[in-house]
Amino acid sequence: MARRRRPPRAGALTELQPLKIAGQIATLQAMYYCAALVLLLFTALVAGTGFSFSMVFGWESVRGDTTHGWLMAFVLLLDGGLCMSVAIVVLVARSKLAPDFGLTIHFLHLLVVCFYTGRIPRNAMWWATMLTSSALSVGLGIWGCRYRELQPVFFGGRRILAPTPAGQGATDGGEGASVADENDIDDEEMGFSRGRGRGRGRDGAGEYEMAPMEAPK
């Protein structure tokens, strides 16, 4: 008899979808270059320097011996560290996947830079910028995703598992005890005698105190 295969775990087919992950990576990479294009173009217009695509896809302009090189490094930090962490929180929203997406974005950018320039980046400032940017995107992405995951869930306009104030439980317990005491006093006044133990009540059910009986002679 052929051995029956175990059914897949619930949700296992929807957790890792290659096409969905590839689409998210492509979207994040496109957002990375769009944000870099806007930031670098704005910086070039404000600084009065010329703009070229080598500022986005190159590494020569990111250097540590000029003020312009430090400015380019700062803009790339804003792009890869801040903008991409926000994009990861919005699109991915899972803290355990934030490191994968953050590192993948910068690794693909390294490949694009190598293909665009035809050689591996040689400026130490560029490498330091990319390492810092990837660390920021991963750290801020994890923090943002965890913050989003811990937000309360609302269903039907009401908050699920709403926290109970510290004194509310004690107040409810005190009110319940006072109500029970008042009921006992009312029962005694009406002639009902409650027994001791669980299930006692005025309906006659429960345990009762038994008077000692004399042995038959």
Side-chain angles (χ1 to χ4, degrees), residues 11 14-47 51 53-64 66-117 120-154 159-163:
T14 59
E15 286 183 355
L16 295 176
Q17 297 181 357
L19 294 179
K20 181 180 179 180
I21 294 177
Q24 290 177 341
I25 293 175
T27 303
L28 290 174
Q29 201 69 30
M31 294 177 65
Y32 177 84
Y33 288 119
C34 289
L37 182 63
V38 172
L39 291 175
L40 291 174
L41 181 59
F42 176 77
T43 303
L45 292 177
V46 172
F51 174 80
F53 284 100
S54 61
M55 299 171 62
V56 181
F57 303 105
W59 53 267
E60 293 87 354
S61 59
V62 183
R63 45 193 305 174
T66 61
T67 305
H68 184 264
W70 281 90
L71 182 60
M72 294 296 102
F74 178 73
V75 173
L76 291 179
L77 283 179
L78 288 180
D79 179 27
L82 182 61
C83 297
M84 287 302 99
S85 60
V86 175
I88 289 174
V89 173
V90 174
L91 294 180
V92 181
R94 299 181 65 180
S95 58
K96 66 178 182 180
L97 296 180
D100 300 333
F101 282 92
L103 296 177
T104 301
I105 292 171
H106 291 82
F107 178 73
L108 293 178
H109 178 60
L110 173 62
L111 296 180
V112 171
V113 169
C114 292
F115 281 110
Y116 183 82
T117 59
I120 299 177
R122 299 178 181 178
N123 288 347
M125 188 66 178
W126 188 90
W127 287 102
T129 303
M130 289 297 103
L131 291 176
T132 307
S133 177
S134 60
L136 285 176
S137 64
V138 170
L140 294 178
I142 293 176
W143 178 82
C145 291
R146 287 182 178 177
Y147 180 81
R148 184 177 178 181
E149 292 170 352
L150 293 177
Q151 291 301 303
V153 180
F154 292 88
R159 183 175 178 179
I160 301 176
L161 298 178

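Just so it is clear, the values below take in all heavy atoms, side chains as well, and ignore hydrogens, waters and symmetry mates.
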Correct closest heavy-atom pair for Arg63 and Asn123 would be CB-ND2, 4.0 Å
task: Begin with the C-alpha distance, continue with both residues' side-chain angles, and end with the deciding distance and a verdict on side chain to side chain contact (heavy atoms under 4.5 Å, CB included) for Met130 and Leu76.
output: CA-CA 8 Å; Met130 289 297 103; Leu76 291 179; 4.0 Å; yes
Notebook entry, point to check: Got a donor-acceptor contact below 3.5 angstrom from the Ser95 side chain to the Ile142 backbone?
Noted result: no
query = Do side-chain atoms of Thr132 reach the backbone of Thr129 as a donor and acceptor pair under 3.5 angstrom?
reply = no
Could you walk me through whether Leu39 and Phe74 satisfy the side chain to side chain contact (heavy atoms under 4.5 Å, CB included) test, starting with their C-alpha distance in whole Å, then the side-chain angles of each, then the deciding distance to 0.1 Å, before giving a yes or no?
CA-CA 10 Å; Leu39 291 175; Phe74 178 73; over 6 Å; no
Do Glu60 and Thr117 pass the side chain to side chain contact (heavy atoms under 4.5 Å, CB included) test, and can you show the C-alpha distance, the side-chain angles, and the key distance before you say yes or no?
CA-CA 9 Å; Glu60 293 87 354; Thr117 59; 4.0 Å; yes
Exercise. Does a side chain donor of either Tyr33 or His109 reach within less than 3.5 Å of an acceptor in the other side chain?
Worked result: yes
Practice prompt. Begin with the C-alpha distance, continue with both residues' side-chain angles, and end with the deciding distance and a verdict on side chain to side chain contact (heavy atoms under 4.5 Å, CB included) for Val92 and Asp100.
Written response: CA-CA 11 Å; Val92 181; Asp100 300 333; over 6 Å; no
Hey, what do you get for [atom1] ([X]) to [atom2] ([Y]), rounding to the nearest 0.5 Å?
X	Y	atom1	atom2	answer
Phe101	Leu97	CZ	CG	5.5 Å
Leu136	Asp79	CG	CG	12.0 Å
Tyr32	His106	OH	NE2	5.0 Å
Glu149	Lys96	CD	NZ	9.5 Å
Cys83	Leu28	SG	CG	12.0 Å

Quick check: are there more than 12 heavy atoms from other residues, nucleotides or ligands sitting under 6.0 Å from CD1 of Ile120? no
